[in-house]
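This is a predicted model, so every value here is computed, not measured.
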Amino acid sequence: MKTYYIIIDTPLGNMTIQANDQGLLGAWFETQTTQPDSLGQLAEHQPILLHAAQQLQEYFSGTRQDFSLPLAAQGTTFQMQVWQALTTIPYGETWSYQDLANAIGNPKAVRAVGLANGKNPISVIVPCHRVIGKNGKLTGYAGGVERKEKLLRLERAI
């Protein structure tokens, strides 16, 4: 299956967005290490990429709180379960890793949830930035803790 990508400018730096004909595969800030080696074909007119770019611009301008895009991220069954749970964290709220483990019905899987969260390929749209330490500290974010803080400030979550 063909993959396509575009690069957009955001207030937090360039983002690469990747999709296939089924949905979004990834959205990464320029410094993230989870981006695949091969992105596919540059396609500025691919409909899913255009919708993603538009919705991200609306998010960064403060006019969008929820994304309505088809998702097609690839991962293990457990990762997919965690990433699905991430999409239920409301805009402007944060959860702890324990909250996330509880949400998937596996309260003892806090470390595994943290690892799956860190491998989320669809930054911002699948809001892994809304997960913080139990003590309220801003812990790791593949896009950088500084970006995580800025995203949470944008959402007025901190």
Side-chain angles (χ1 to χ4, degrees), residues 1-8 10 12-40 46 48-49 51-53 55-56 59 64-152 154-155 157-158:
M1 182 174 302
K2 282 190 169 185
T3 58
Y4 310 94
Y5 76 97
I6 58 171
I7 298 172
I8 65 167
T10 78
L12 300 182
N14 286 341
M15 281 189 87
T16 300
I17 308 168
Q18 183 190 45
N20 60 25
D21 291 327
Q22 274 65 56
L24 279 181
L25 298 169
W28 305 272
F29 287 105
E30 55 206 344
T31 56
Q32 285 183 254
T33 58
T34 55
Q35 184 171 304
D37 293 332
S38 176
L39 294 170
Q46 202 270 354
I48 294 170
L49 294 175
H51 290 299
Q55 289 187 25
L56 281 164
Y59 168 84
R64 174 173 290 277
Q65 295 184 359
D66 300 297
F67 293 92
S68 58
L69 297 161
L71 304 178
Q74 303 295 310
T76 67
T77 301
F78 182 79
Q79 288 170 333
M80 303 284 278
Q81 186 180 23
V82 171
W83 301 339
Q84 175 57 42
L86 288 170
T87 66
T88 68
I89 303 173
Y91 180 93
E93 292 185 22
T94 58
W95 285 7
S96 70
Y97 292 95
Q98 183 67 66
D99 294 333
L100 189 54
N102 292 345
I104 65 165
N106 198 343
K108 293 185 179 186
V110 176
R111 283 181 187 252
V113 160
L115 291 172
N117 188 61
K119 294 195 182 296
N120 168 33
I122 307 179
S123 294
V124 181
I125 296 162
V126 175
C128 56
H129 62 277
R130 295 181 187 153
V131 182
I132 62 174
K134 198 174 191 176
N135 59 2
K137 287 195 177 199
L138 301 185
T139 56
Y141 180 62
V145 176
E146 320 76 42
R147 276 196 184 101
K148 181 175 192 162
E149 181 179 359
K150 288 177 181 177
L151 290 166
L152 292 173
L154 171 72
E155 296 182 11
I158 58 169

Report task. With sequence neighbours left out, write down each residue that passes ring pair (Phe, Tyr, Trp, His ring centres under 6.0 Å) with F67, or none if nothing qualifies. Result -> Y59
Query - Minimum side-chain heavy-atom gap V113-N106 below 4.5 Å - result: no
Query - Side chains of S38 and Y5 in contact at under 4.5 Å (non-hydrogen atoms) - result: no
Query raised in the report: Within the side chain of D99, is there an N or O that forms a donor-acceptor pair under 3.5 Å with the backbone of S96?
Result: yes
Query - Atom of A112, atom of F78 and distance for their closest heavy-atom approach - result: O-CE2, 3.5 Å
Report summary line: Contacts of T3 meeting side-chain hydrogen bond (donor to acceptor under 3.5 Å, both in side chains) (sequence neighbours excluded), chain-then-number -> none
Query raised in the report: Nearest heavy-atom pair of W95 and A103: which atoms, and what distance?
Result: CZ3-CB, 3.6 Å
Report summary line: Heavy-atom closest pair (G143 atom, T31 atom, distance to 0.1 Å) is O-OG1, 4.1 Å
Query - S123 to Y141 - nearest heavy-atom pair and separation - result: CB-OH, 3.8 Å
Report summary line: Nearest heavy-atom approach of K148 to V131 is NZ-O, 2.5 Å
Report summary line: d(N117 CG, Q79 CD) to nearest 0.5 Å is 10.5 Å
Report task. Enter the distance from R147:CZ to L138:CG here, rounded to the nearest 0.5 Å. Result -> 15.0 Å
Query - Distance in Å, R64 CZ paired with I125 CD1, rounded so as to fall on 0.5 Å steps - result: 10.0 Å
Query raised in the report: If only atom types and distance count, is the side chain of Q74 paired as donor or acceptor with the main-chain N or O of A72 below 3.5 Å?
Result: yes
Query - Distance (rounded to the nearest 0.5 Å) between W28 CH2 and N120 CG - result: 10.0 Å
Would you give me the side-chain donor-acceptor pairs under 3.5 Å for residues 15-26, sequence neighbours excluded?
residue, atom, partner, partner atom, Å
Q18, NE2, L39, O, 3.1
N20, OD1, Q22, N, 2.8
N20, OD1, G23, N, 3.0

Report task. Using side chain to side chain donor-acceptor pair (under 3.5 Å) as the criterion, point out the one residue from Q65, H129, K150 that pairs with E155. Result -> H129
Requested in this report: Apply side chain to side chain contact (heavy atoms under 4.5 Å, CB included) to K119 and V82, showing your working.
Outcome: CA-CA 10 Å; K119 294 195 182 296; V82 171; over 6 Å; no
Requested in this report: List for me each residue that meets side-chain contact (heavy atoms from CB on, under 4.5 Å) alongside P70, sequence neighbours excluded, and say none if there are none.
Outcome: I48
Report summary line: Taken in chain and number order and not counting sequence neighbours, the residues that satisfy side-chain contact (heavy atoms from CB on, under 4.5 Å) with V110 are Y97, Q98, A101
Query raised in the report: Please walk me through it: do I122 and W83 pass side chain to side chain contact (heavy atoms under 4.5 Å, CB included)?
Result: CA-CA 9 Å; I122 307 179; W83 301 339; over 6 Å; no
Query raised in the report: What distance separates E93 CD from I132 CD1, expressed to the nearest 0.5 Å?
Result: 11.0 Å
Query raised in the report: Looking at I6 and L49, what are the two nearest heavy atoms and their distance?
Result: CD1-O, 3.6 Å
Donor-acceptor list for residues 85-92 side chains, cut-off 3.5 Å, not counting sequence neighbours:
residue, atom, partner, partner atom, Å
T87, OG1, Q84, O, 2.5
T87, OG1, Q84, NE2, 3.3
T88, OG1, A85, O, 2.6

Query raised in the report: Under a 4.5 Å cut-off applied to non-hydrogen side-chain atoms, are T10 and L56 in contact?
Result: no
